[in-house]
Amino acid sequence: MSFRQYRLDDFTDILASKEAVPGGGGASALVAAVGIALGNMVGSLTVGKKTYADVEEDVKDLMEQAKVLRAELLAGMDADAEAFLPLSKAYGIPKDDPTRASVMEDALQKACAAPLALMQNICRAIELLEGFAAKGSKIAISDAGVGAVCCKAALQGASLNVYINTKSMQDRACAAEMERQADEMLKEYAARAEQVYELVEDKIRK
């Protein structure tokens with residue numbers, strides 16, 4: 001069964017166990033999905049209000065994008081598990097097995113690709129939250145800030161799943177490229193998420 005179909009108490013039970021999956025990647029995907037859902041909540045509380053009639057179409061567009069992205073982020077919970085399971089099995093291959101190195105290298109690259117893809121989706125979520133924070137209803141604006149905090153944490157979490165695997169890769173050029181991509185997303189979008197939080201905090205504390 002897909003992890004996104006688990007009850008929350010069951011998901012967190014297995015997350016807390018010694019099972020190989022779900023792990024930090026799946027948790028990061030879930031947290032990011034919660035973050036963008038909060039952005040969509042802001043949109044839902046904005047559309048139809050006369051005060052925000054001039055931005056209603058923009059907000060509707062943000063909501064449609066957020067709906068699609070939320071599904072992709074939830075799918076990322078399973079994608080991360082599918083990418084990591086071969087690596088967890090590869091670690092069990094005897095060290096004297098001549099196929100171990102090549103199997104490990106392939107598994108490591110795939111285990112890095114999944115959180116990199118997740119990071120890309122989280123960056124998109126942060127971009128949408130910028131829009132919700134700028135155009136959303138003031139009575140719900142705090143939820144855009146919470147969403148940004150969630151997505152920043154998810155972005156940082158996904159990056160760790162890249163770095164922990166690139167360090168073991170034999171193809172150092174490939175590892176360096178993956179780390180570069182993660183570094184760039186982390187640098188730009190963690191800052192942008194923080195800016196959303198600061199914008200929201202400023203609006204609600206005035």
Side-chain angles (χ1 to χ4, degrees), residues 1-38 69-126 146-172 174-187 189-190 193:
M1 185 171 70
S2 167
F3 283 124
R4 56 183 164 168
Q5 295 177 330
Y6 275 49
R7 289 165 48 96
L8 283 175
D9 52 356
D10 293 334
F11 179 80
T12 52
D13 278 347
I14 192 170
L15 188 65
S17 75
K18 63 180 180 181
E19 293 295 325
V21 293
S28 294
L30 175 59
V31 170
V34 169
I36 196 58
L38 284 167
L69 184 56
R70 176 159 47 96
E72 292 179 8
L73 287 165
L74 289 174
M77 296 169 67
D78 293 324
D80 180 79
E82 290 167 7
F84 182 72
L85 274 175
L87 179 59
S88 67
K89 293 178 180 178
Y91 277 115
I93 298 173
K95 292 186 177 180
D96 59 354
D97 188 320
T99 68
R100 189 178 194 274
S102 63
V103 171
M104 279 288 296
E105 186 69 11
D106 182 64
L108 284 164
Q109 290 190 22
K110 289 177 180 176
C112 289
L116 272 177
L118 175 59
M119 289 181 75
Q120 291 169 351
N121 278 336
I122 297 171
C123 290
R124 289 172 55 208
I126 291 169
V146 176
V149 170
C150 288
C151 286
K152 179 185 177 184
L155 186 68
Q156 292 173 315
S159 74
L160 294 178
N161 278 4
V162 175
Y163 301 138
I164 196 170
N165 291 313
T166 53
K167 75 172 189 175
S168 299
M169 288 168 57
Q170 297 300 310
D171 186 340
R172 298 316 300 162
C174 181
E177 173 57 21
M178 288 181 161
E179 289 172 358
R180 181 195 65 78
Q181 292 178 40
D183 289 345
E184 289 185 356
M185 286 188 280
L186 193 58
K187 180 178 180 181
Y189 283 90

Using a 4.5 Å cut-off on heavy atoms from C-beta on, say whether the side chain of Met185 contacts that of Ile122. no

Roughly how far, to the nearest 0.5 Å, is the CD atom of Glu72 from the CG atom of Leu118? 11.0 Å

Taking the side chain as every heavy atom from C-beta outward, state whether Asn165 and Met178 have any atom pair closer than 4.5 Å. no

For a quick test of reading the model, state the closest non-hydrogen atom pair linking Ala37 to Arg70 and the distance between them. CB-CD, 3.6 Å

Mind checking the CD-CD spacing from Gln120 to Gln181? Nearest 0.5 Å is all I need. 7.0 Å

Working to the nearest 0.5 Å, report the span between OG1 of Thr12 and CG of Asp10. 7.5 Å

Please tabulate, for the side chains in residues 83-96, all donor-acceptor contacts under 3.5 angstrom to protein atoms that are two or more places apart in sequence or on a different chain.
unit_1, atom_1, unit_2, atom_2, d
Ser88, OG, Leu85, O, 2.7

For the student: nearest non-hydrogen atoms of Val31 and Cys150, plus distance: CG1-O, 3.3 Å

Sub-4.5 Å side-chain heavy-atom contact between Phe3 and Ile14: yes

Sidechain-backbone polar pair: Gln170 side chain, Glu105 backbone, donor-acceptor under 3.5 Å: no

If you round to the nearest 0.5 Å, how far is CG of Leu74 from CG of Asn121? 11.0 Å

Are any non-hydrogen side-chain atoms of Tyr6 and Leu15 less than 4.5 angstrom apart? no

Tabulate below the donor-acceptor pairs under 3.5 Å that side-chain atoms of residues 152-162 make, not counting sequence neighbours, or state none.
unit_1, atom_1, unit_2, atom_2, d
Lys152, NZ, Glu194, OE1, 3.1
Ser159, OG, Gln156, O, 2.6

Lys/Arg N to Asp/Glu carboxylate O, Glu184 vs Lys187, below 4.0 Å: no

Any Val103 side-chain heavy atom under 4.5 Å of Arg100 side chain: no

As an exercise, state the distance from CG of Asp171 to CG of Asp106, rounded to the nearest 0.5 Å. 11.5 Å

Taking Thr166's backbone N and O only, do any of them form a donor-acceptor pair with Arg172's side chain (distance below 3.5 Å, no angle check)? yes

Acceptor/donor pairs from residues 18-30 side chains to any protein atom, 3.5 angstrom cut, sequence neighbours excluded:
unit_1, atom_1, unit_2, atom_2, d
Ser28, OG, Gly24, O, 2.8

Heavy-atom closest pair (Met169 atom, Cys112 atom, distance to 0.1 Å) is SD-SG, 4.0 Å

